[in-house]
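A short write-up of the structure that comes next.
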Amino acid sequence: MDLRKIRGAADRYFVNFAVLFVAWGGMFRRSFNCDTLAHMVNTREDIDIMMNHGRYLTALQDWLLYQVGLSTVTHTGVTAMVEVAILAVAVCIIQRCFEEKIGKPSGIYEKLAWISITSLLFSNVLFAESFMFGECALMFGMAYFLATVGIWAFTKKRYPLALLFFFLSTTEYQAAVIYAAIVLSAWIFMENECRITAKTVVQEIICGCITIGSGWLNILSLSIAAKLGLVAEAGRSASIGNVVEKVGICLRDFGQILLNSRGLLPQIGLPFLVLCVSGAIVIRKFVKEKKIQSIIYYVLLVIGMIAMMYILSMTQYHTRTYPRFIWTFYAIQSMLLLIAFWLLSKKGKEILCYLCCGYLLIHLLFCNIIVSNHMVSNTLDKTYAMMVYEKIVAYEEATGETVTKIAVVNDIDCPFSYNNVYYKTDQINERALGTVSNTLVNVVTGRDFEKVPMDETVYQTYFEGKNWDYFDAAEQLVIIGDTAYWAIF
């Protein structure tokens, strides 16, 4: 047993875990979003939904926990810890894979640059959505870990083993193979010394077949399982549709990412600037050495990576650019910075260190701001639910009537997030109020109020045409008999 290797591996792991902890440690507290609340009351049904979406391993994990009386939402802080712990292993594997090609960094500046570049993979603001779903934290962690093991197997030329792990990663979460394809594209570029050769083309074809192909295999397996009656229905399929329209949606989304990472960073174009710097370093190097073919290869690599980033969005019936899909932009940036790091001289690597460390620190700062905003959103959800419940309890004590039903309607303009939650996009810091209001009340109060339709007469009398900008239970809650009628602002 080589104690030095064990200690080196342990040191590497704890450094990577520490960076991830700084980014996402705030999620070690109990938290929720709309889907998390739904999972709390419909765990068994959600397991079936996972099966219908081809997430067989996820369904198995949840089912095993369910059998022993637990759930991934029993304490969401624990599942967040597990996700961080698993992702730290994945970063270690990525570092080892690339170190075999470019060598271990030496000197404090190179080491700091190296850690910053590889940490950007999972410590970036768009990856926050992977921590918003407490019930899926284990799923995301396992998906990216399995895909990373597949990357390692590919770099060892063990293609059947890589295919196996890529397919397993799709049975956790299909987007993991996009991350793998992006990382491997950069590895192939470096493995072939930035030259397009027959070997390069073969490796790229194999990479595409066993990464993106694994996603298609997952969809195929789901269709077969549905026909055999093993799942209720195939809840996932691919649809191309209007390509021009979809490309336009993706390009607009990409522009927002370059500007401010979809509103999660300051609106100063920081991602665009870093992308330009990493590209300028590489192209300047190739121009200086008169490697025109390498410039062409590099440009094709960048375009190909960006295209891979939107594969899932393009194949959705309704084009979706969820952060949990397009966070791979930062996998692209990580790989492009890694290529720049590889090509620079020792002095250049020291200069790059400042850029990479500063960029990572900005992401760590805003990851923490996003998490703190998430806790604010959760607190407001619970506070408003309890204020409504207090009105219900007061009514029950005054009348002796027990309220057993809640009917909910949203006002004219009911936003998906609170105004004083500033860093939000899609399901990052969404509010539960207005989306799963009944479930929210049931979870917070421990009562089981039946969800019923809003009475038309009550709606017209008290709520029609109203548009509140604040919470006011006196105006927004009406209790008649055993039913509470609630309008959400």
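Residue numbers start at 1 and run along the sequence shown.
Note: F471 and Y384 have parallel aromatic rings, judged against thresholds of 30 and 60 degrees for the angle between ring planes.
Classification of R55 and E135 as a salt-bridged pair fails, no side-chain N sitting under 4.0 Å from a carboxylate O.
Side-chain rings of Y485 and Y462 stay apart, their centers remaining 6.0 Å or farther from each other. Checked against the 6.0 Å centroid threshold, W152 and F165 do not count as a close aromatic pair.
Distance alone, capped at 3.5 Å, is enough to place a donor-acceptor pair between the K246 side chain and the Q316 backbone. The closest donor-acceptor contact from the side chain of K424 to the backbone of Y418 lies under 3.5 Å. With hydrogens and angles disregarded, no donor-acceptor distance shorter than 3.5 Å links the side chain of D253 to the backbone of I249. Distance alone, capped at 3.5 Å, places no donor-acceptor pair between the T439 side chain and the A38 backbone. One N or O on the side chain of E129 and one on the backbone of Q427 form a donor-acceptor pair closer than 3.5 Å. Formation of a donor-acceptor pair under 3.5 Å by the N410 side chain with backbone atoms of G434 is found in this model. R447 places no side-chain N or O within donor-acceptor distance of the main-chain N or O of F449, the cut-off being under 3.5 Å.
Other residues, nucleotides and ligands contribute more than 12 heavy atoms inside 6.0 Å of the CZ atom of F17. Surrounding CG of N419 are at most 12 heavy atoms belonging to other residues, nucleotides or ligands under 6.0 Å away. When the shell of 6.0 Å around CZ of F416 is examined, it contains 12 or fewer heavy atoms from other residues, nucleotides or ligands. A 6.0 Å sphere centred on CZ of F21 holds no more than 12 heavy atoms belonging to other residues, nucleotides or ligands.
In terms of heavy-atom proximity, Y395 sits nearest to G481 at OH-O, 3.0 Å. Closest of all the heavy-atom pairs between A432 and L37 is CB-CD1, 3.5 Å.
With 3.5 Å as the limit, one finds a donor-acceptor pair spanning the side chains of N16 and Q95. Using a 3.5 Å distance cut-off with no hydrogens or angles, the side chains of Y423 and S372 do not pair a donor with an acceptor. Side chains of H39 and D46: a donor on one and an acceptor on the other come within 3.5 Å. Counting only N and O atoms by type, the side chains of E475 and W468 include a donor and acceptor under 3.5 Å apart.
When each of F325, F140, Y144, Y330 is checked for a ring-ring contact (aromatic ring centres under 6.0 Å, His included) with F127, only Y144 meets the rule.
With sequence neighbours left out, the salt bridge (charged side-chain N to carboxylate O under 4.0 Å, His left out) criterion links D426 to R262.
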